[in-house]
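Residue numbers run from 1 in the order of the sequence given. Start at 1 and go down the list; that is how both ligands and their atoms are numbered.
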Amino acid sequence: MKILALSGSLRAVSINSAVLRVVKQLAPASIEVGLFSGLGDLPLYNPDLENAPPAVALQLRNEVASADALLIASPEYAHGVTGTIKNALDWLVAFEGFVDKPVVVLNASPRAHHADAALRETLVTMSATLIEVASIALPLPSANIGGAELLAMPEIVSLLTGVLTKIQRRVKLLPDMKSFLGCSVYIDSQHPAIVAQAAKLAEGCADEEAIAKRCFEFVRDEIKHSWDYRLNPVTCKASEVLIHGTGYCYAKSHLLAALLRANGIPAALCYQRLTLDGDQPPYCLHGLNAVYLPQHGWYRIDARGNKPGVNADFCPPLEKLAFPIVNSFEQDLPDIHAEPLTAVIKALTEHQTVEQVYQNLPDVAATEQ
Ligand SMILES: Cc1cc2nc3c(=O)[nH]c(=O)nc-3n(C[C@H](O)[C@H](O)[C@H](O)COP(=O)(O)O)c2cc1C
C-alpha cells in the first residue's frame, strides 16, 4: 500500500514535516510512505494553466493518483490553512484522480483548530474520503521538536503506528464498504444539517466506536418515534427526521445511517419481520441498523426508541435490540442493505399522516428480499 504524505509547512525544521518523516520511519514493510517534496515549487494555481500544467503539478497529480491514501499534516497560519497546502489542493480540485481519495489529516498543534476544520471542509468539498478514525490531533508539548525526539515519545509512536494501521485497514475495506458510506436521496449524509449534527456528536470521541455509540444514543433518545408520540409529519429522508425530530423506526434508521456515514463509519439498514402486537398476525417490517466497527465487524443496533418493555442499547459485541423474535413467523431478515427497501419508501412517502402509515405498514410479503 502506498501513502503520499503532504506537509503544509516549508520550514526546514517544520514539526509537521518531522511528524510525516516519523510516520515513514514507523511504516511496516507493507506500507510505502512517500513525502512529496515539491509543494514549495508549485506555482500559484491559475485555472488558465490547466491546458498545460507545469511539470511539478503533473508530478503531484501522478503521485496522488498512484497513492492509496494521502496523509496531510499542516500548520495553522492566522486561523487558516497555510497557502502551501491550499495551493496544492487547488491544483487537485479539477483533477479526477483526487475524487474519493482516502485522506487522513494529522494536527500537530491541537490548539490550532481553525485550520484543521477548514482543511476538512475543503477536502470534503473536493470529494475526498476523509478517514476520520485515523485523523487525529497529536498531544505534542511544543513545536520545536525533531524526529529523534518524536521517536523517543512512546505515546506519539503508538498514536502514529495506530494511524498507519487504521489507514491500512480502512483502505482495504473501502471497495467493499463504498455503498455503505455513500450519500443518497434518503440517506442524505451530506445534507448540511446532517453534517453539522454528525460533527457535533463526534466531538471529543476517542474512536469510531465512541462516535457510533453517541450517534445511536442521539437517534434513540432525542428523536421521537412517530407512533409512540403520534407525531406528524411523516418523515423518510434522514435530514427530514433530524429537522422534525421524529420518525418511524425505518426513518430513524435512515437518520442513524446518515449520521454514521457522515462520520465516515460504514452503516447499513436491516430489517426484522415482527407481529404488530403480541404474537398474532398481522406482521410488518421493523427497521434497524448495522454499523461496521473495526473491532467487531457488522454490529446490529436498534434506535427506534426505548419504552417500558423495550430496552435497546449499544454494547458491542453484545447485541441488544428492541424486539426479540417470539414465534416462527417472525424473522430476523439476514441481509444488510445500503439503501432502504422499496416497500419502506412507499409506506413513508405515499401516506400523509402517521395514522395512515400505521394502517399501511410495509410487510415482507410485499418486499423482495
Ligand atoms: C505566519 C504564522 C501564523 C501563525 N498563525 C497561527 C495561528 O493562527 N494559530 C496557531 O495556533 N498557530 C499559529 N502559528 C504557529 C504555527 O502554526 C506553529 O508554529 C506550527 O507548529 C508551525 O508548523 P511547522 O513547524 O510545521 O512549520 C503561526 C505561525 C506562523 C509562522
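Using a 4.0 Å cut-off between charged side-chain N and carboxylate O, Glu330 and Arg273 make no salt bridge. By the 4.0 Å N-to-carboxylate-O rule, Asp228 lies too far from Lys224 to be salt-bridged with it. Between Glu50 and Arg61 there is a salt bridge, with a side-chain nitrogen of the basic residue lying less than 4.0 Å from a carboxylate oxygen of the acidic one.
The 4.0 Å heavy-atom shell around ligand 1 contains residues Ser9, Arg11, Ser14, Ile15, Asn16, Pro75, Glu76, Tyr77, Ala78, His79, Arg111, Ala112, Ala143, ordered by chain and number.
Pairs of residues two or more places apart, or lying in two chains, that qualify as ring-ring contact (aromatic ring centres under 6.0 Å, His included) and include a residue from residues 82-102 are Tyr45-Trp91.
Looking at Asp188, its side chain never comes within 3.5 Å of a backbone N or O of His191 through a donor-acceptor pair.
The distance from the CZ atom of Arg169 to the CG atom of Leu164 is 12.0 Å, given to the nearest 0.5 Å.
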